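Single-structure report; data block below.
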Amino acid sequence: MTGKKFVWLTTFIVMLVVSSALMIHNIGRGYSKVLCHYIFVDFNIDKLRSAMFLINNLKYHNTQISADSLTTEQQAFKARTDSVCHALCNKYGWKNVPIDSIFAERRSSALWINNHLTNYNSKQSDLQPCSGVITPELMIRQIDFAHNVWKKSPFAKDLSFDEYKEAILPFVCINNYGELHDLNYYHGAIPLLAEMGNQKTLRERVAFYAKIVQYLRDINASVGNKLPDGLMSMYSRDEDCFSIAHYACMIMRSFGMPVVVDHVAGYRELAGRHYFCSVYNTASKTWQGFNPEGSLPGDRDFLGAPTLNIYRDMFEVQKDAPCFVRNKGEFVPGHLASPCIRDVTEKYCPVMQITLPFNLYTDNNLAYLAAFNCRGEEGLVASTWGVIDKDKRCVTFKRVLPNTLFLPVCYKGEECVSFGKPFYVKQINGKPHICYLPVKDGQTSKSNVLLLRKFPVKQNMRLLADHLKGSVILGSNDKTFEKADTLLRFLSAPTQYLRTYTFNRKGRYQYYRFVPPPQFPNANIAHMEWLTSSPRKGKDVMPASREAITQPLNAQKSKGGQRRYVQLKDAVLKDMQASPQYDHNPLTSAGGYPFFTLQLNKPEIVEAVNLMAMHANNTITSGHQYLLLYWDKGWRICDSATAKFEYLEFHDVPSDKLYWLYDTTDGQEEMPFLMNNGMQRFLYGELIK
């Protein structure tokens, strides 16, 4: 060692020990034991730095004390599930357990659960500060285990200390969530995962983890409230993305993988947040996001849809977080209020910096770019923040997503206040270009509007309908359909509205069959009714549904009465309406089958069918109540209505606005739109490409 290196190292150690001594004086008897341990008992610079890092940041984190130990019955349940899963993996190999074998075990598991488990009243504690519940002994165990992982794991040994202290060392990965355990607990919590340490690559370890947890969940399916929260949530299908991400992160850390939990503030087109894992690949020096039970590190589009800004709960306090930048008493939206939050959007997708004029008088230091959220507070969710320059009367946003509608807002108390027009940003020649929507503030002329949807047609649903072009309906008196007549051929794709299709050929048949085209052999029909005009009653018929009505003119015609059909019942199906092709549910279909058949007691004449393609249920639903709102420096209620048919008509609606049709009865998908020549033009796919 050269003289300069020796002097530097000696100086560093002295400074570290002096800093530790000062901390010991300040923190008193509690965690001083941890620092003394790594100075006098097990002297290790990295462990000492780890202790100082944890102690300095504990005050910013909360957790739940571990729940009471499992009851005898719950322990038996866990042991039984582990045993069943172990036997299946031994018999078939962990990659190839047949789904039929899982379902067979599920039936016996359901019986065991009903006989042995009673409803569980959770005794999980409220959130408490980590600094109040982490003992010195627990902290020493955590540091020793984490340090061992860091130095020995092939996926962690090349991490810098700064990377290690966030991706391996911490007790928690989601602030204010999860029980308190050290990594050693997670390493042995599920014995079946022990083989994960033998998988050679990051993707192989995640694939192994996902398979084993999938088996544990599927063996029991949903168990309702018969199990406690915490680790036992991994033994059923009663999961959410919080628990999935939390347990995957902590278990994977214990097996040598540098993992953190990130979350999206929201989706660009959908409601709700989502938590997922991200692993640091030391070979490529990149963070790779993944859903721990649904995708692998390196998979593209693992988030499924365009998101708003992406955040990470760091363990170290972030001094540039909104809660520190804000003025005294200034409100910060709850999902951005953590002192440890960091925007990591640029690790997943491109972002841009823009500056907007800010002409409001306020004591606030922060402004926000909010995105539409149909179930968010005031129909908005703050995606990112910027610091207000009061001298230049502007605000700069450093991480702005392209092609996303933003509504510039700040807060007056907890009330959201607009300070600019809705806009989105395009990247042109590598530079941001702000595109304002063609809307007007204040009073405008008024007009009548006809609305057919609250959300645009989804591309995948449109594709499913297009694949039905060329489908046929066959009639036969031969159950095998070796001799059959073609009664109707669909020359165009069925619509997302219930329509009546009259047969080109009629005859008396006992069997009728819907057959999709051979190149797309999936019967993705959401609802079908086999119709005859015979004016009869009986157990073999039931009333037919009316066709969808999407225009006022058609509604007037309907008052005269549609042609009377009755719907024929299937002679074999006991509960016909429980079958996906007959259940009136647009979200279900018989798509898992290459065809479906109507069997009658005797030959009958079927003249037509009512048919609807599978869709996401975002059309207007008769009987639902709706609010029409428009944006004018905030969402303003224009009018309300109850849908009588599959359209809505509103009168005296302010023109040149951004509109939102809110289904107050049901549904989670809505999207703002403009009106252009009497037609709805939704934001994404039509206005913003």
Side-chain angles (χ1 to χ4, degrees), residues 163 166-167 173-175 241 245 249 258-281 284-291 295 297-316 318-325 332-356 366-373 376 380-387 395-409 423-427 430-435 684 688:
E163 292 162 344
E166 290 289 353
C173 56
I174 303 175
N175 196 19
C241 66
C249 177
V259 180
V260 295
V261 174
D262 293 340
H263 69 273
V264 299
Y267 283 91
R268 190 182 74 169
E269 301 166 29
L270 305 170
R273 286 192 285 167
H274 178 60
Y275 283 72
F276 60 94
C277 288
S278 187
V279 62
Y280 189 71
N281 189 323
S284 62
K285 297 191 182 303
T286 57
W287 287 96
Q288 297 179 326
F290 64 99
N291 294 307
S295 60
D299 285 357
R300 299 182 63 184
D301 300 326
F302 71 95
L303 288 171
T307 72
L308 304 181
N309 287 64
I310 300 175
Y311 292 96
R312 180 172 299 170
D313 271 335
M314 309 294 286
F315 196 81
E316 185 173 28
Q318 304 295 300
K319 291 298 184 181
D320 60 350
C323 69
F324 293 109
V325 180
V332 174
H335 65 287
L336 298 179
S338 168
C340 299
I341 196 170
R342 175 185 288 181
D343 191 320
V344 294
T345 311
E346 66 271 14
K347 296 184 184 297
Y348 297 96
C349 51
V351 294
M352 295 172 285
Q353 178 172 309
I354 65 170
T355 298
L356 298 177
L366 296 170
Y368 302 87
L369 294 183
F372 172 76
N373 186 296
L380 303 171
V381 59
S383 182
T384 187
W385 70 85
V387 179
V395 55
T396 297
F397 299 94
K398 295 182 178 180
R399 297 177 182 87
V400 181
L401 288 160
N403 303 316
T404 301
L405 175 74
F406 287 118
L407 303 147
V409 298
F423 72 92
Y424 61 97
V425 180
K426 279 186 175 181
Q427 192 172 47
K431 296 182 178 180
H433 178 72
I434 298 175
C435 305
Y684 299 113
I688 303 175

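These numbers were taken from a predicted model, which means no experiment stands behind them.
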request  = Test Asn309 against Asp343 for side chain to side chain donor-acceptor pair (under 3.5 Å), laying out the working first.
outcome  = CA-CA 7 Å; Asn309 287 64; Asp343 191 320; 3.0 Å; yes

* To do: For the pair Tyr368 and Leu380, evaluate side-chain contact (heavy atoms from CB on, under 4.5 Å) and give the outcome as yes or no after the intermediate values.
  => CA-CA 11 Å; Tyr368 302 87; Leu380 303 171; over 6 Å; no

- Message: For a side-chain contact (heavy atoms from CB on, under 4.5 Å) check, start with the C-alpha distance between Leu308 and Asn373, then their side-chain angles and the critical distance, and finish with the verdict.
- Response: CA-CA 11 Å; Leu308 304 181; Asn373 186 296; 5.9 Å; no

One pair to check against side-chain contact (heavy atoms from CB on, under 4.5 Å): Ser338 and Asp313. What are the steps and the verdict?
CA-CA 8 Å; Ser338 168; Asp313 271 335; 3.8 Å; yes

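Closest non-hydrogen pair, Arg312 versus Asp262, comes out as NE-OD1, 2.6 Å. Thr345 approaches Leu401 most closely through the heavy-atom pair CG2-CD2, 3.7 Å. Here the closest heavy-atom approach between residue Phe276 and residue Asn291 is recorded as CB-OD1, 3.5 Å. Nearest heavy-atom pair, Val387 versus Leu366, reported as atom, atom and distance to 0.1 Å: CG2-CD2, 4.3 Å. Closest of all the heavy-atom pairs between Gly298 and Gln288 is N-CB, 3.8 Å. In this structure, Pro432 and Val425 approach most closely via the heavy-atom pair CB-CG1, 3.8 Å.
A heavy-atom distance below 4.5 Å is found between the side chains of Lys426 and Asn403. Taking the side chain as every heavy atom from C-beta outward, Thr355 and Thr396 approach each other to under 4.5 Å. Between Phe423 and Leu369, the closest side-chain pair of non-hydrogen atoms falls below 4.5 Å. For the pair Ile174/Tyr275, a side-chain contact is recorded, criterion being any heavy-atom separation below 4.5 Å from C-beta on. Contact of the Phe397 side chain with the Pro408 side chain is not registered, since no non-hydrogen atoms from C-beta on lie closer than 4.5 Å. Contact of the Ile341 side chain with the Pro322 side chain is registered, since non-hydrogen atoms from C-beta on lie closer than 4.5 Å. Lys347 places none of its side-chain heavy atoms less than 4.5 Å from the side chain of Ile310. Between Pro297 and Asn281, the closest side-chain pair of non-hydrogen atoms is not below 4.5 Å.
The main-chain N or O of Glu316 is found under 3.5 Å from a side-chain atom of Glu166 such that the two form a donor-acceptor pair. Ser278 contributes no side-chain N or O that, together with a main-chain N or O of Val260, makes up a donor-acceptor pair within less than 3.5 Å. Judged purely by atom type and a 3.5 angstrom limit, Tyr684 uses its side chain to pair as donor or acceptor with the backbone of Leu405.
By the neighbour-count criterion of 12 heavy atoms within 6.0 Å, atom CZ of Arg273 is densely surrounded, having more than that number from other residues, nucleotides or ligands.
Interatomic distance, OG of Ser295 versus CZ of Phe290, reported as 7.5 Å (0.5 Å rounding).
Under the 30°/60° scheme for interplanar angles, the aromatic rings of Trp385 and Tyr311 are found to lie parallel.
Glu163 is linked by a side-chain contact (heavy atoms from CB on, under 4.5 Å) to Leu159, Ser160, Tyr280, counting only residues two or more places apart in sequence or in another chain.
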